[in-house]
Amino acid sequence: MFKSINLKDKIVLVTGGSRGIGKAIAKSLVDEGCKVIISSQNFPILKATAKELNVDLFKVDLRNLKEIDDLSKYVISNYKNIDILVNNVGVLYVSSLEKMKDENIDEILDVNVKAIFFLTKRLIPHINKGGTIINISSGLGKKGSADLSVYSASKFAVVGLTQSLASELNDIDVVCVCPKVTNTDMITKNYPDMDPNSMDQPEDVADKVLDSIKGKFRTGSAVDV
Ligand SMILES: NC(=O)c1ccc[n+]([C@@H]2O[C@H](COP(=O)([O-])OP(=O)(O)OC[C@H]3O[C@@H](n4cnc5c(N)ncnc54)[C@H](OP(=O)(O)O)[C@@H]3O)[C@@H](O)[C@H]2O)c1
C-alpha cells in the first residue's frame, strides 16, 4: 500500500512547527528533502527553529481568522500550491468541566478544532493532486478521560473531520495520527511529575506521520502511535 513517493522538493506546511511534535515532524520532512514552512505565535522560538532546520516560517495566532487568512495568502502567494498540510497545532488545559475556565474551553476549541477547519478549507484548492493532509489528534480522540473532557472532545472532532474529509476528497489523502503521551512542553507543563523517559518521544510521532504521508495507511484512518 506504500505510495513510495519521493518527497524531495514537496512543499509542506506544519502548523505548531516551532517546538515539540511539530518541530520533529518538520525535521523529518526536511531530512526527506521537503521544502517546509512552519508556523506558530512565539516569534523568537519560531525564528530559532526555522534557522536550525533551515525552513521558511510564518508567525500566526491560529485563533484569529484574519491571521489564518494571512497565513493562507502567504503560502499561496509564495508557493502557489502545497503537497502536504500537517495540522499539528494544539493546546491542552487539564481540569474538570465544572472548574474549567470559559476562556480555556474557547481556546481549546478555537485552536484544536476551528483553526484546522478554517485553514484546511482555505488550502484545499491549493493542495496538489496526490497530496496529503495529516491531522494530529490524540489517543484521547478515541477514548475520553477525567479532567480532559474539552481536549478529548476537540480530538474526537479531528477524527470526525479526517473521516469525513477523506470521503469528500478524491485526489488528496487525509490521515489522522493519534499520539499517546509524548515528551513535549504540553506534557511537562501540565504533568510536571511525569517521567519524560516513560513517554513517547516527538520523533515517534514524526515517524508515524512519515509512514502516513508515504501511504502506509488508508485515507480516513486514525492511526495510533
Ligand atoms: N504531547 C502529547 O503528549 C500529545 C499527545 C497527543 C496529541 N498531542 C497533540 O500533538 C500536537 C502537538 O502537541 P505538542 O505536545 O507538540 O504541543 P506543544 O509542545 O505545546 O507545541 C504546540 C505548538 O502549537 C503552537 N501553538 C499553540 N497555540 C497556537 C496558536 N493559537 N496559534 C499558533 N500556534 C499555536 C505552539 O507555538 P507557540 O507557543 O509559539 O504558539 C507550538 O508550536 C497537538 O495537536 C497536541 O494536541 C500531543
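Each ligand, and each atom within it, is numbered from 1 in the order the structure gives. Only heavy atoms go into these numbers, but all of them, side chains included; no hydrogens, no water, no symmetry mates.
Under a 4.0 Å N-O distance rule, the pair K208/D224 does not qualify as a salt bridge. Salt bridge present: R122 and D69 bring a charged side-chain N and a carboxylate O closer than 4.0 Å.
In terms of the ring-ring contact (aromatic ring centres under 6.0 Å, His included) criterion, residue partners of F58 (sequence neighbours excluded) are, by chain and number, Y74. Not a single salt bridge (charged side-chain N to carboxylate O under 4.0 Å, His left out) links K73 to another residue, sequence neighbours left out.
Applying the salt bridge (Lys or Arg N to Asp or Glu O under 4.0 Å) test to residues at least two apart or on different chains, the pairs with a partner in residues 176-202 are R19-D185, K180-D200.
Within 6.0 Å of NZ on K59 lie more than 12 heavy atoms contributed by other residues, nucleotides or ligands.
Within 4.0 Å of ligand 1, contacts by protein heavy atoms are made from G16, S18, R19, G20, I21, S40, Q41, N42, V60, D61, L62, R63, N88, V89, G90, V91, V111, I136, S137, S138, Y151, K155, P179, K180, V181, T182, T184, D185, M186, I187.
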